[in-house]
Amino acid sequence: MKKLLLLTFLFAFVATIAGFAQNQQRTRNVGNEKYRDLIENYRYPENDAQITNSPVRGEIIFSENFDEAGLDLPAGWTKDGSSIDCTWKMDNSPAVPGYYSAGGSLNFNNGYNFECDEGDGNGTWGAVTTPLIQVNGNPITISFMFNQENECNYYEDDGGGEPGPYAPTLECYYDETWMAILDENEDVIEWFYVDGTYAWNQNTYEFLNPDADQYIKVQFYFDTYDDIANDFYGPFIDDLTISQAVATPIPGWALIIGISLMVAFTFFRIRRQA
């Protein structure tokens, strides 16, 4: 019995040392040059510009439920990436999580997981982009249902039907999802880290549009950074909405009263001075 306990202890110790050594040797390679500096120099805040109030603020100017059967992506959307098999697409696979609202979602994997490395150790990445969206220089609110599984955040049945290991994705540094706001030239004007768990949750972000851009695009970017521990289903997005506050029109009667008061005030002032 003592010998068995000793062997178990030695095995656990060796496994821990091996895992530590592996982590020490890992290199975080950002696959897309456009985002390399943004990711490598990013400071992970406690709550990355996420707002907790209503996900729809005013009028919805763009929405997508990813439920168009037979299409790889919604009309007008484009994608890019390092892999043919692991890409962003609109479907319901794998079956878990599948989608939030039937019958599809936007997700990054090969139908099973995102283990599609090219053998160079640099991992797998992919980006998917909306069509051009007219925002008329106004701030917008972007909201969507999000579910993701990666090496830092995964479900493992412990044999009793209960979740096994779990760690929050915040500061995971591997298998990350990001969201970029692009201008008409597809230059990045805002950048968000997208946090999530292996359960559907609403993510809502506010873009203040400080430069009053008239048109924008939204791009989702996923990167594994290396070829280790990629046997997970990846990020899933559903029920995307983009909204903006609507300016309240001034009633005609209010304009008439206002103008009349201004004219009367000016008239009496002139007479008084005379």
Side-chain angles (χ1 to χ4, degrees), residues 22-50 79-83 85-89 94 97 105-110 112-118 120-130 142-156 165-182 188-205 207 217-238 240:
Q22 183 187 57
N23 286 332
Q24 292 296 99
Q25 295 170 0
R26 294 180 71 171
T27 303
R28 193 168 179 248
N29 297 305
V30 179
N32 190 327
E33 292 184 9
K34 181 177 184 175
Y35 294 140
R36 186 164 297 143
D37 288 341
L38 285 169
I39 292 174
E40 290 178 349
N41 298 309
Y42 191 79
R43 295 183 62 186
Y44 295 78
E46 290 293 324
N47 191 1
D48 188 2
Q50 231 172 333
K79 66 180 177 181
D80 187 20
S82 62
S83 171
D85 296 323
C86 285
T87 65
W88 285 99
K89 58 191 176 302
S105 65
L106 179 69
N107 53 81
F108 183 92
N109 52 63
N110 59 9
Y112 305 95
N113 54 41
F114 50 81
E115 195 164 16
C116 296
D117 310 296
E118 305 302 319
D120 56 6
N122 292 330
T124 305
W125 67 270
V128 62
T129 313
T130 68
I142 304 166
S143 184
F144 52 89
M145 299 303 297
F146 188 63
N147 184 319
Q148 79 170 351
E149 182 188 55
N150 58 25
E151 70 172 278
C152 296
N153 166 17
Y154 59 95
Y155 176 94
E156 183 177 90
Y166 166 77
T169 56
L170 193 63
E171 299 186 10
C172 172
Y173 301 119
Y174 290 93
D175 310 336
E176 292 182 327
T177 305
W178 302 84
M179 181 177 70
I181 310 297
L182 311 177
V188 179
I189 51 180
E190 189 62 272
W191 184 242
F192 299 98
Y193 171 72
V194 182
D195 192 20
T197 68
Y198 52 79
W200 286 104
N201 288 288
Q202 190 128 41
N203 280 26
T204 304
Y205 304 87
F207 169 57
K217 293 182 179 182
V218 176
Q219 184 173 86
F220 295 101
Y221 177 76
F222 179 77
D223 201 329
T224 69
Y225 305 135
D226 68 6
D227 58 5
I228 298 172
N230 291 336
D231 188 19
F232 303 100
Y233 61 64
F236 277 65
I237 295 168
D238 208 351
L240 169 69

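Owing to the predicted nature of the structure, the values given are computational and were not obtained by experimental measurement. Note that these values count all heavy atoms, side chains included, but never hydrogens, waters or copies made by symmetry.
The two atoms that bring I228 and N230 nearest to each other are O-OD1, 3.2 Å, heavy atoms only. When all heavy atoms are compared, the tightest approach of D85 to C116 is CB-SG, 3.9 Å. In plain terms, the two heavy atoms of S105 and W200 that are nearest each other are CB-CH2, 4.5 Å. Residue W88 comes nearest to G126 through the heavy atom pair NE1-O, 3.0 Å, listed as atom of the first residue, atom of the second, then distance. Shown here for Y173 and R28, the closest heavy-atom pair between the two residues is O-NE, 2.7 Å. Summarising the geometry of Y225 relative to E176, their closest heavy-atom pair is OH-OE1, 2.8 Å, with the distance given to 0.1 Å.
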Quiz item: Checking side-chain contact (heavy atoms from CB on, under 4.5 Å) for the pair W125/V30: CA distance, chi angles, key distance, verdict?
Solution: CA-CA 8 Å; W125 67 270; V30 179; over 6 Å; no

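Checking Y42, Y221, Y35 one by one against W178, the ring pair (Phe, Tyr, Trp, His ring centres under 6.0 Å) holds for a single residue, Y42. The only member of N29, T27, D223, D226 that meets side chain to side chain donor-acceptor pair (under 3.5 Å) when paired with N122 is N29. For the side chain to side chain donor-acceptor pair (under 3.5 Å) criterion with Y233, the lone passing option out of N109, N147, N150, N113 is N147.
Counting heavy atoms from C-beta on, the side chains of K34 and L182 come closer than 4.5 Å.
Proximity of a side-chain donor or acceptor of T130 to a complementary backbone N or O of V218 within less than 3.5 Å is detected. Panel note: side chain K217, backbone A180; no donor-acceptor pair is recorded below 3.5 Å. Judged by distance alone, the side chain of D175 and the main-chain N or O of E151 form a donor-acceptor pair under 3.5 Å. Listed for the T129 side chain is no donor-acceptor partner under 3.5 Å among the backbone atoms of Q219.
The cationic atom of R26 (NZ for Lys, CZ for Arg) lies less than 6.0 Å from the six-membered ring centre of Y174 and within 45° of the ring axis.
Taking the six-membered ring for Trp and thresholds of 30 and 60 degrees, F114 and F232 have ring planes inclined between 30 and 60 degrees apart.
Distance OH/Y198 to CD/E149: 9.0 Å, rounded to 0.5 Å. In this structure, CD1 in I181 is found 7.0 Å from CD1 in I189, a value given to the nearest 0.5 Å. Considering CD of Q202 and CZ of F144, their distance stands at 9.5 Å, rounded to 0.5 Å. Note that the CD atom of Q148 and the CD1 atom of I237 stand 9.5 Å from one another [nearest 0.5 Å]. A distance of 12.5 Å separates CZ in F222 from OG1 in T87, rounded to the nearest 0.5 Å. Here CG of D227 is found 8.5 Å from OG1 of T124. Values are rounded to the nearest 0.5 Å.
Other residues, nucleotides and ligands contribute more than 12 heavy atoms inside 6.0 Å of the CD atom of E40.
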